[in-house]
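For reference, the structure is listed below as structure tokens.
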Amino acid sequence: MFDVGFFELLLIAVVALLVIGPERLPRVARTAGLWIGRGRRMLSSVKADIERELKAEELKRVLEEQARSTGVHEILDDTRSALNEVKQETESVVKSAEQAATDQAPAEPVAKTEKIDAK
């Protein structure tokens with residue numbers, strides 16, 4: 001945008017006072033202020049609409065990426081279920097091995113060997 005400083009505004013006010021006159025200057029200034037306010041409100045509403053549209057587009061893009069990545073989630077779920085099946089089978093084999101070991105255990109415990117101090 002352009003930069004309007006204090007001296008530029010003072011120069012515009014002096015020229016307006018000379019051209020328009022002191023009687024009509026307050027009414028013209030009020031009207032100009034109303035038009036400037038309307039313009040600013042219009043620009044801010046357009047800016048807000050553009051930002052809203054950009055956010056909506058970003059949200060759509062994120063949703064599309066998530067929709068494309070659902071295949072990865074399905075693969076992960078399948079892998080987890082397969083791992084759970086393997087874990088259950090392993091646990092059942094371990095339990096059956098432990099059961100077989102306890103069934104074949106000798107009736108009398110083996111005598112403990114004594115420690116011999118080697119000095």
Side-chain angles (χ1 to χ4, degrees):
M1 298 280 299
F2 54 91
D3 186 26
V4 178
F6 176 74
F7 292 111
E8 289 88 0
L9 289 175
L10 185 64
L11 180 65
I12 292 170
V14 169
V15 170
L17 181 62
L18 293 174
V19 173
I20 297 173
E23 298 89 25
R24 292 187 296 172
L25 185 61
R27 191 173 7 163
V28 170
R30 188 178 317 119
T31 304
L34 289 173
W35 280 100
I36 290 172
R38 287 180 186 168
R40 284 185 179 174
R41 282 190 298 276
M42 184 180 70
L43 286 175
S44 68
S45 70
V46 168
K47 182 180 174 183
D49 289 342
I50 290 172
E51 287 177 356
R52 226 177 294 127
E53 287 295 323
L54 289 174
K55 287 180 183 178
E57 288 296 321
E58 179 70 20
L59 182 61
K60 285 179 186 177
R61 186 183 62 79
V62 168
L63 289 175
E64 288 174 358
E65 285 179 8
Q66 286 181 347
R68 280 186 268 147
S69 70
T70 56
V72 173
H73 294 296
E74 291 174 0
I75 292 171
L76 287 174
D77 291 339
D78 292 343
T79 305
R80 283 187 186 117
S81 64
L83 285 175
N84 285 336
E85 289 176 7
V86 169
K87 181 180 176 182
Q88 290 172 354
E89 289 177 12
T90 305
E91 288 174 352
S92 66
V93 168
V94 168
K95 285 181 184 178
S96 64
E98 288 175 352
Q99 183 67 29
T102 57
D103 290 345
Q104 294 177 0
E108 295 182 24
V110 178
K112 292 183 181 179
T113 59
E114 296 180 17
K115 287 186 178 180
I116 300 175
D117 291 329
K119 286 188 181 182

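The structure displayed is predicted, hence computed values, not measured ones.
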Arg40 atom CZ, neighbour heavy-atom count above 12 within 6.0 Å: no
Among residues two or more places apart or on two chains, list those pairs meeting salt bridge (charged side-chain N to carboxylate O under 4.0 Å, His left out) that have a residue in residues 78-93. Asp77-Arg80
Which heavy atom of Leu17 sits nearest to which heavy atom of Pro22, and what is that distance? CD1-CA, 3.9 Å
Could you list all the salt bridge (charged side-chain N to carboxylate O under 4.0 Å, His left out) pairs where at least one residue sits in residues 45-56, not counting sequence neighbours? Asp49-Arg52
Of all residues at least two apart in sequence or in a different chain, which pass the side-chain hydrogen bond (donor to acceptor under 3.5 Å, both in side chains) check with Glu65? Arg61
When you group the ILVMFWY residues by side-chain heavy-atom contacts below 4.5 Å and let the links chain together, are Val86 and Val94 in the same group? no
How far apart are the closest heavy atoms of Arg41 and Ser44, and which atoms are they? O-OG, 2.9 Å
Inter-residue atom distance Arg30.CZ - Leu25.CG, 0.5 Å rounding: 10.5 Å
Gap separating the CG atom of Asn84 from the CD atom of Gln88, nearest 0.5 angstrom: 6.5 Å
Once rounded to the nearest 0.5 Å, what's the spacing between atom CZ of Phe6 and atom CG of Leu9? 8.0 Å
